[in-house]
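What you see is a predicted model, and the numbers here were worked out from it, not measured in a lab.
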Amino acid sequence: MYKVTKELHFCYGHRLMQYQGKCRVPHGHNATVAIDLQADSLDPLGMVVDFTDITRVIQGWIDSNLDHRMLLRLDDPLAKWLQEVGEPCFIMDRNPTAEMLAQLIFEYAVAQGFPVVEVRLWETPDAYATYRARP
């Protein structure tokens with residue numbers, strides 16, 4: 001079994017609705033994402049997946065959809081206002097937690113055909129969430 005990991009980075013703002021702590025107010029994070037990909041065999045070039053392809057596809061999607069955007073829950077009143085004034089935001093069905101972002105990136109990567117087994121998303125240098133494929 002072969003496994004590779006690619007690290008990606010982006011910045012985002014968010015807030016958590018119905019949360020009692022300080023994350024209930026808009027604030028930002030510098031996220032690090034580690035994507036683990038796995039295969040039983042290597043391609044003809046001797047790779048699980050070309051790191052360049054991971055960057056092009058997944059980092060490209062992150063840059064277009066999540067980077068330097070407010071990530072907000074659908075029913076957040078701030079979402080409607082930001083959209084009305086033309087500010088970049090990404091609307092989610094659930095609170096934009098680190099757990100939900102890890103799942104979102106995992107599902108996008110799988111939909112693009114990557115053999116992803118796990119995504120870890122650090123929202124701070126010492127706190128991260130993991131989403132992985134079911135065994």
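- Summarising the geometry, atom CG belonging to D75 is positioned 12.5 Å from atom CZ belonging to R94; distances are rounded to the nearest 0.5 Å.
- Contact record, T130 with A102: C-CB, 4.5 Å, taken as the closest heavy-atom pair.
- Ring planes of Y128 and W122: tilted class, angle from 30 to 60°.
- Under the 4.5 Å side-chain heavy-atom criterion for Ile, Leu, Val, Met, Phe, Trp and Tyr, F51 and L37 are members of the same hydrophobic cluster.
- Under a hydrophobic-cluster definition in which Ile, Leu, Val, Met, Phe, Trp and Tyr are linked whenever side-chain heavy atoms come within less than 4.5 Å, directly or via other members, V49 and F106 are assigned to the same cluster.
- Among the candidates N65, I58, V57, the single residue satisfying the side chain to side chain contact (heavy atoms under 4.5 Å, CB included) test with W61 is N65.
- In plain terms, the two heavy atoms of I62 and L8 that are nearest each other are CD1-CD1, 4.1 Å.
- When hydrophobic clusters are built by joining Ile, Leu, Val, Met, Phe, Trp and Tyr residues whose side-chain heavy atoms come closer than 4.5 Å, directly or via intermediates, M100 is not grouped with Y19.
- Here the shortest heavy-atom pairing between R24 and R15 reads O-CD, 3.4 Å.
- Residue T55 holds its OG1 atom at 10.0 Å from CG of D63, rounded to the nearest 0.5 Å.
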Item to check | Chi angles and distances behind the side chain to side chain contact (heavy atoms under 4.5 Å, CB included) call for Q83, I91 | outcome: CA-CA 10 Å; Q83 290 173 319; I91 307 304; 3.5 Å; yes

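- The aromatic rings of H29 and Y12 sit tilted relative to each other, their planes meeting at an angle between 30° and 60°.
- The backbone N or O of V25 lies less than 3.5 Å from a partner atom in the side chain of H27, making a donor-acceptor pair.
- A distance of 14.0 Å separates OH of Y131 from CD1 of I35, quoted to the nearest 0.5 Å.
- Looking at E99 and Q103, their side chains never bring a donor and an acceptor atom within 3.5 Å of each other.
- In terms of heavy-atom proximity, C11 sits nearest to D67 at N-OD1, 2.8 Å.
- Shown here is E84, whose CD atom has more than 12 heavy atoms of other residues, nucleotides or ligands within 6.0 Å.
- Using a 4.5 Å heavy-atom cutoff, the side chains of C89 and K80 are not in contact.
- At least one side-chain heavy atom of F10 sits less than 4.5 Å from a side-chain heavy atom of I105.
- Between A109 and V116, the shortest heavy-atom contact is CB-CG2, 3.4 Å.
- Using a 4.5 Å heavy-atom threshold, the side chains of L66 and Y108 count as separate.
- Side-chain contact between L101 and M92 is present, with at least one heavy-atom pair separated by less than 4.5 Å.
- Here the CE-CG distance, from M1 to D40, works out to 4.0 Å after rounding to the nearest 0.5 Å.
- Placement of M70 and L104 in two distinct hydrophobic clusters is found when ILVMFWY residues are connected by side-chain heavy-atom separations under 4.5 Å, directly or transitively.
- Crowding of D43 atom CG: a count of heavy atoms from other residues, nucleotides or ligands under 6.0 Å exceeding 12.
- A distance-only check finds no donor-acceptor pair linking the side chain of R120 to the backbone of T32 [under 3.5 Å].
- Interatomic distance, NZ of K6 versus CG of D53, reported as 11.0 Å (0.5 Å rounding).
- No donor-acceptor pair closer than 3.5 Å links the side chain of N95 to the backbone N or O of T97.
- Here the closest heavy-atom approach between residue A39 and residue V48 is recorded as CB-CG1, 4.0 Å.
- Proximity of L42 to Y2: side-chain heavy atoms (C-beta onward) are separated by under 4.5 Å at one or more points.
- Distance check, rounded to the nearest 0.5 Å: NE2 of H14 to CD of E123 gives 5.0 Å.
- The hydrophobic cluster containing V117 does not contain V110, counting ILVMFWY residues as joined when their side-chain heavy atoms lie under 4.5 angstrom apart, directly or transitively.
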